[in-house]
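Because only heavy atoms are used, hydrogens play no part in the values below, and waters and symmetry mates are left out as well, while side chains stay in.
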Amino acid sequence: MKKTAPTSHPISGLFSLLLFGLFVLFLLIMLLFSAQIYQRSIKKADSETDLGTISSYITTKFRQHDVQDGIFTDELNDIPALCFRDTINNRDYITYLYLDDGSLKELFTATGSSAQANAGTVIASLSDFQIEEKGNGFYYIFLQSTVGNTSEFFLHSSAD
């Protein structure tokens, strides 16, 4: 008896190729959506990290100046600012922290000088920065990142 080789039908090869093509298509779609989700997650995490860094920076500045009359709120060119006073060689200086043109800026200047808000050093990009002196040494700080994440906290001056 002679054995005959099994014959394959041309449609079975086409079906296998079609099934493989669908698998590759779904894999590519899944990768595309995964990449978009990953990008959004990283952007949000970066924004939250930036707010944490800015909060730490403000808190550190606050703690460095936690002495009698070392911390107060004021305005620089009609822009609300958190201010820190330093005395160096019997001369008073003020450091202003304020929001100008979408950036949190810091300006160190001699007391009584005609400081301009646009002369400050950019610390970070923010869409909102609010400071409110609540009394009894408490200061309310509100931050909003450029992507809309917010952070708010209170700081207390033990010198008051």
Side-chain angles (χ1 to χ4, degrees), residues 1-66 70-84 86 94-109 115-134 137-158:
M1 219 180 313
K2 190 174 181 187
K3 273 190 165 184
T4 59
T7 59
S8 70
H9 201 276
I11 292 185
S12 67
L14 184 62
F15 178 75
S16 297
L17 188 61
L18 182 64
L19 189 62
F20 179 73
L22 282 173
F23 174 75
V24 170
L25 178 68
F26 284 124
L27 181 65
L28 289 174
I29 290 171
M30 187 178 71
L31 285 173
L32 182 67
F33 284 121
S34 298
Q36 289 175 351
I37 291 169
Y38 178 76
Q39 286 176 341
R40 277 188 259 139
S41 299
I42 292 298
K43 189 178 277 189
K44 183 176 181 180
D46 285 347
S47 175
E48 289 171 356
T49 301
D50 289 347
L51 284 180
T53 303
I54 296 165
S55 299
S56 294
Y57 180 80
I58 293 169
T59 302
T60 301
K61 277 284 198 195
F62 194 91
R63 296 291 168 238
Q64 288 173 344
H65 294 87
D66 195 3
I71 304 166
F72 59 99
T73 56
D74 199 0
E75 290 187 352
L76 178 65
N77 303 126
D78 297 324
I79 300 171
L82 181 60
C83 304
F84 305 104
D86 290 296
I94 296 177
T95 302
Y96 295 92
L97 279 180
Y98 57 96
L99 184 69
D100 183 41
D101 293 329
S103 297
L104 180 66
K105 292 185 178 181
E106 178 181 82
L107 180 64
F108 179 79
T109 184
Q116 297 298 314
N118 60 0
T121 302
V122 174
I123 304 298
S125 293
L126 288 177
S127 62
D128 196 8
F129 173 65
Q130 297 174 22
I131 320 103
E132 190 176 335
E133 194 170 353
K134 292 290 192 177
F138 283 97
Y139 292 82
Y140 169 76
I141 313 287
F142 175 83
L143 307 170
Q144 185 174 16
S145 71
T146 55
V147 295
N149 294 332
T150 61
S151 175
E152 53 189 329
F153 53 97
F154 284 89
L155 294 172
H156 181 260
S157 173
S158 60

Legend entry - Close side-chain approach of I71 and L82, heavy atoms under 4.5 Å: yes

Legend entry - F15 atom CZ: more than 12 heavy-atom contacts under 6.0 Å: no

Inset, instruction - Please work out whether the ring planes of F62 and Y139 are parallel, tilted or perpendicular, with thresholds of 30° and 60°. - result: perpendicular

Legend entry - Geometric class of the Y96/Y98 ring pair [parallel <30°, tilted 30-60°, perpendicular >60°]: perpendicular

Inset, instruction - Taking all heavy atoms of H156 and all of R63, pick out the closest pair and write down the distance. - result: O-NH1, 2.9 Å

Inset, instruction - State, with a plain yes or no, whether a side-chain heavy atom of F108 is found less than 4.5 Å away from one of T121. - result: no

Inset, instruction - Could you tell me whether the side chain of D66 and the main chain of S158 form a donor-acceptor pair under 3.5 Å? - result: yes

Legend entry - Distance (rounded to the nearest 0.5 Å) between L28 CG and F23 CZ: 10.0 Å

Inset, instruction - For atom CZ of F154, decide whether the heavy atoms of other residues, nucleotides or ligands shown that lie under 6.0 angstrom number more than 12. - result: yes

Legend entry - Exercise: identify the closest heavy-atom pair between S127 and S145: OG-O, 2.9 Å

Legend entry - CD on E75 to SG on C83, rounded to 0.5 Å: 9.5 Å

Inset, instruction - Give, for atom OG1 of T59 and atom CG of L155, the distance between the pair rounded to the nearest 0.5 Å. - result: 4.5 Å

Legend entry - Which atom of A117 lies closest to which atom of L76, heavy atoms considered: CA-CD2, 3.9 Å

Inset, instruction - State, to 0.1 Å, how close T109 and A115 come at their nearest heavy-atom pair, and which atoms those are. - result: CG2-CB, 3.9 Å

Inset, instruction - Measure the spacing between OG1 of T150 and CG of L143 and express it to the nearest 0.5 Å. - result: 9.0 Å

Legend entry - Spacing of I141 atom CD1 and I58 atom CD1 [to the nearest 0.5 Å]: 5.5 Å

Inset, instruction - Working to the nearest 0.5 Å, report the span between OH of Y140 and OG1 of T73. - result: 14.5 Å

Legend entry - Which atom of L97 lies closest to which atom of Y57, heavy atoms considered: CD2-CE2, 4.1 Å

Inset, instruction - Taking all non-hydrogen atoms of both residues into account, name the closest pair between K105 and V122 and its distance. - result: CE-CG2, 4.0 Å

